[in-house]
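Excluded from the calculations below are hydrogen atoms, water molecules and symmetry mates; all remaining heavy atoms, backbone and side chain alike, are included.
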Amino acid sequence: MRRAGWASDYKTRLKQGNEEADYYTIALDGTEYFNSTSINCPACLQKRDREGKLHYYHCVVAATLVRAGSHRILPLDAEMVKNTDGAEKQDCEMNAGKRIVARLRSEHPQMKIILSGDDLYSHAPMIEQCLANQMHFIFVAKPDSHKELKDWVEDLQRLGEVEEGAWQEGPVSKRRYYRYRIARLVPINSIRKVWVNFVEVWEMNKEGRQLYHNSWVTDLEVSRENVEQIAAAGRSKWKIENEQFNVQKNHGYELEHNYGHGKKNLSEVFYLLNQLAFVTHKIIERGDRLYQRCREGKISLRELWNGLRTLMNKMLFESWAGLLEFWLCDDVPGS
């Protein structure tokens, strides 16, 4: 992606203090891709439902490049949440998240990174891991799960030390109005070892009805000049759920299908193969002109791939290009 010049599409220009720099926003999130009450392996996680029935499941934490205002995403890495031989405690998404942060820095030592994630990550251990690996972060912080943070912000509000402001976006007919408040240097918990900046944003339509509300913690310097960009980067976390997990599960990749569980690593291998296929298709979408021509019509992505799969089952093609050229022929139904 870098050699082709496409990686720049994922950069966000952000003013940080007196300097501006380009950052890559990487969304972290976990998703379950296998669940069974009978099929299992030593790496399976376990949980009981409300009726007390035991479920075996597999979960993964994905790290994906996203950018506010763009539907383009690019998966970078994935870390399995799995039990290992001899482990006394069950693995969890937080531990997998810390592992993937360290590996991302090892794989991309010079990349300017902003990590985004949900409320699970906005706690001291994960924040310390980000800082140790020289990564910025913008994590959702819900007041209900951060009592000390909430009380501190409200105290600063009463003392008049919280910055408030507003901005607006869009044409008059579809204008959105935003209100924000910033509290600087507040503790993430009662231990008061990790200090963060707090950002809260409300979005309203022209009638004054609230459309959106969220709050984040970050190590970035927040000001009226960049609060809009920081909020947008924080909100871009949903793209990993919609543009990646939803597509992989419901739009042809069938991620949750049990392709085979095996006795040790097979389920993980099938997940990684599914992910490699997804990444390959993202690259093809950007660089394969024949494939782009196949996507120009009104046919859906699912229909296109079902058609290509049917052709591959019935005919032998010398190359991928030959398959697409055949598809584009006027004689092929659906082309």
Side-chain angles (χ1 to χ4, degrees), residues 12 14-17 23 25-30 61 63 66 68 92-102 113-167 178-204 210-238 240-241:
T12 297
L14 182 65
K15 188 171 184 179
Q16 176 68 341
Y23 293 91
T25 302
I26 299 178
L28 299 178
D29 200 13
V61 174
V66 298
C92 65
E93 184 178 336
M94 175 66 76
N95 288 336
K98 290 192 287 186
R99 294 195 298 269
I100 203 171
V101 166
I113 292 174
I114 299 174
L115 293 175
S116 68
D118 58 25
D119 185 79
L120 174 69
Y121 299 108
S122 57
H123 297 275
M126 187 63 174
I127 290 175
E128 290 176 326
Q129 178 76 332
C130 294
L131 297 176
N133 285 277
Q134 298 181 320
M135 294 183 185
H136 296 294
F137 61 87
I138 306 173
F139 293 144
V140 172
K142 297 179 180 178
D144 292 344
S145 59
H146 293 78
K147 185 178 185 305
E148 181 76 7
L149 175 70
K150 176 185 176 183
D151 292 345
W152 198 283
V153 171
E154 296 306 325
D155 284 345
L156 291 177
Q157 182 83 48
R158 285 189 288 270
L159 293 170
E161 296 183 17
V162 169
E163 180 180 335
E164 297 181 272
W167 79 87
Y178 299 85
R179 181 168 57 90
Y180 69 85
R181 66 172 179 169
I182 303 167
R184 298 179 178 87
L185 291 178
V186 294
I188 197 68
N189 56 31
S190 59
I191 298 175
R192 301 181 185 176
K193 180 182 176 182
V194 176
W195 297 74
V196 295
N197 295 322
F198 174 84
V199 184
E200 190 168 17
V201 170
W202 294 262
E203 177 186 354
M204 285 77 66
Q210 182 174 299
L211 304 176
Y212 178 82
H213 168 241
N214 213 340
S215 53
W216 302 268
V217 292
T218 180
D219 66 316
L220 293 163
E221 296 181 39
V222 189
S223 65
R224 64 176 181 272
E225 287 82 12
N226 69 4
V227 64
E228 182 178 348
Q229 293 171 300
I230 287 176
R235 294 182 69 171
S236 65
K237 178 262 171 189
W238 70 270
I240 191 175
E241 298 176 358

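Scanning all heavy atoms of the two residues, the minimum distance from Gln210 to Met204 falls at CA-CG, 3.9 Å. Between Val162 and Ala183, the shortest heavy-atom distance links the atoms CG2-CB, 4.2 Å. The two residues Phe139 and Asp118 have their closest heavy-atom pair at CB-O, 4.3 Å. Closest heavy-atom contact between Thr218 and Ile138: OG1-CG1, 3.8 Å. Annotation for Ser215 and Ala141: closest pair OG-O, 2.6 Å, computed over non-hydrogen atoms.
Taking the side-chain hydrogen bond (donor to acceptor under 3.5 Å, both in side chains) definition, one finds that Lys15 meets it with nothing, sequence neighbours left out. Asn214 meets the side chain to side chain contact (heavy atoms under 4.5 Å, CB included) test with Val140, Tyr212, Trp216; sequence neighbours excluded. Contacts of Glu161 classified as side-chain hydrogen bond (donor to acceptor under 3.5 Å, both in side chains), with partners at least two apart in sequence or in another chain: none. For the side-chain hydrogen bond (donor to acceptor under 3.5 Å, both in side chains) test, residues two or more places apart in sequence or in another chain that qualify with Arg181 are Glu154, Gln157, Glu200. Listed by chain and number, the residues in a side chain to side chain contact (heavy atoms under 4.5 Å, CB included) with Trp238 are Asn242, Glu243 (sequence neighbours excluded). Scanning for side chain to side chain contact (heavy atoms under 4.5 Å, CB included) contacts around Ser116 gives Thr25, Ala27, Lys237, with sequence neighbours left out. Applying the side chain to side chain contact (heavy atoms under 4.5 Å, CB included) rule to Gln229 yields the partners Leu14, Asn226; only residues at least two apart in sequence or on another chain are considered. Residues passing the side-chain hydrogen bond (donor to acceptor under 3.5 Å, both in side chains) test with Ser122, sequence neighbours excluded: His146.
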Fill in: Check against side-chain contact (heavy atoms from CB on, under 4.5 Å), Leu28 and Met126
CA-CA 12 Å; Leu28 299 178; Met126 187 63 174; 3.6 Å; yes
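Residues Trp167 and Val201 have side chains in contact (heavy-atom distance under 4.5 Å, counting atoms from C-beta outward).
Annotation: the span from Ile113 atom CD1 to Cys130 atom SG amounts to 10.0 Å, rounded to 0.5 Å. Rounding to the nearest 0.5 Å places NZ of Lys150 at 14.0 Å from NZ of Lys142. Atom-to-atom distance recorded for Ile182:CD1 and Ile230:CD1 is 7.5 Å, nearest 0.5 angstrom.
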Throw together a table of side-chain donor-acceptor distances under 3.5 angstrom for residues 184-198, partners on residues two or more places apart or in other chains.
unit_1: Arg184; atom_1: NE; unit_2: Val222; atom_2: O; d: 3.2
unit_1: Arg184; atom_1: NH1; unit_2: Glu163; atom_2: OE1; d: 3.2
unit_1: Arg184; atom_1: NH2; unit_2: Glu163; atom_2: OE1; d: 2.6
unit_1: Arg184; atom_1: NH2; unit_2: Val222; atom_2: O; d: 2.8
unit_1: Asn189; atom_1: OD1; unit_2: Ile191; atom_2: N; d: 3.1
unit_1: Asn189; atom_1: OD1; unit_2: Arg192; atom_2: N; d: 3.4
unit_1: Arg192; atom_1: NE; unit_2: Glu148; atom_2: OE2; d: 3.1
unit_1: Arg192; atom_1: NH2; unit_2: Glu148; atom_2: OE2; d: 2.9
unit_1: Trp195; atom_1: NE1; unit_2: Arg192; atom_2: O; d: 2.9
unit_1: Asn197; atom_1: OD1; unit_2: Leu185; atom_2: N; d: 3.0
unit_1: Asn197; atom_1: ND2; unit_2: Leu220; atom_2: O; d: 2.9

I'd like a table of donor-acceptor pairs (distance under 3.5 Å, sequence neighbours excluded) in which one partner is a side-chain atom from residues 92-101, with atom names and distances.
unit_1: Glu93; atom_1: OE2; unit_2: Gly30; atom_2: N; d: 3.2
unit_1: Glu93; atom_1: OE2; unit_2: Tyr121; atom_2: OH; d: 2.7
unit_1: Arg99; atom_1: NE; unit_2: Glu79; atom_2: OE2; d: 2.8
unit_1: Arg99; atom_1: NH1; unit_2: Asp91; atom_2: OD1; d: 3.4
unit_1: Arg99; atom_1: NH2; unit_2: Glu79; atom_2: OE2; d: 3.3
unit_1: Arg99; atom_1: NH2; unit_2: Met80; atom_2: O; d: 3.0
unit_1: Arg99; atom_1: NH2; unit_2: Asp91; atom_2: OD2; d: 2.8

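Among pairs with a residue in residues 211-228, none fulfils salt bridge (Lys or Arg N to Asp or Glu O under 4.0 Å), at least two apart in sequence or across chains.
In the displayed structure, Gln134 atom CD is contacted under 6.0 Å by at most 12 heavy atoms of other residues, nucleotides or ligands.
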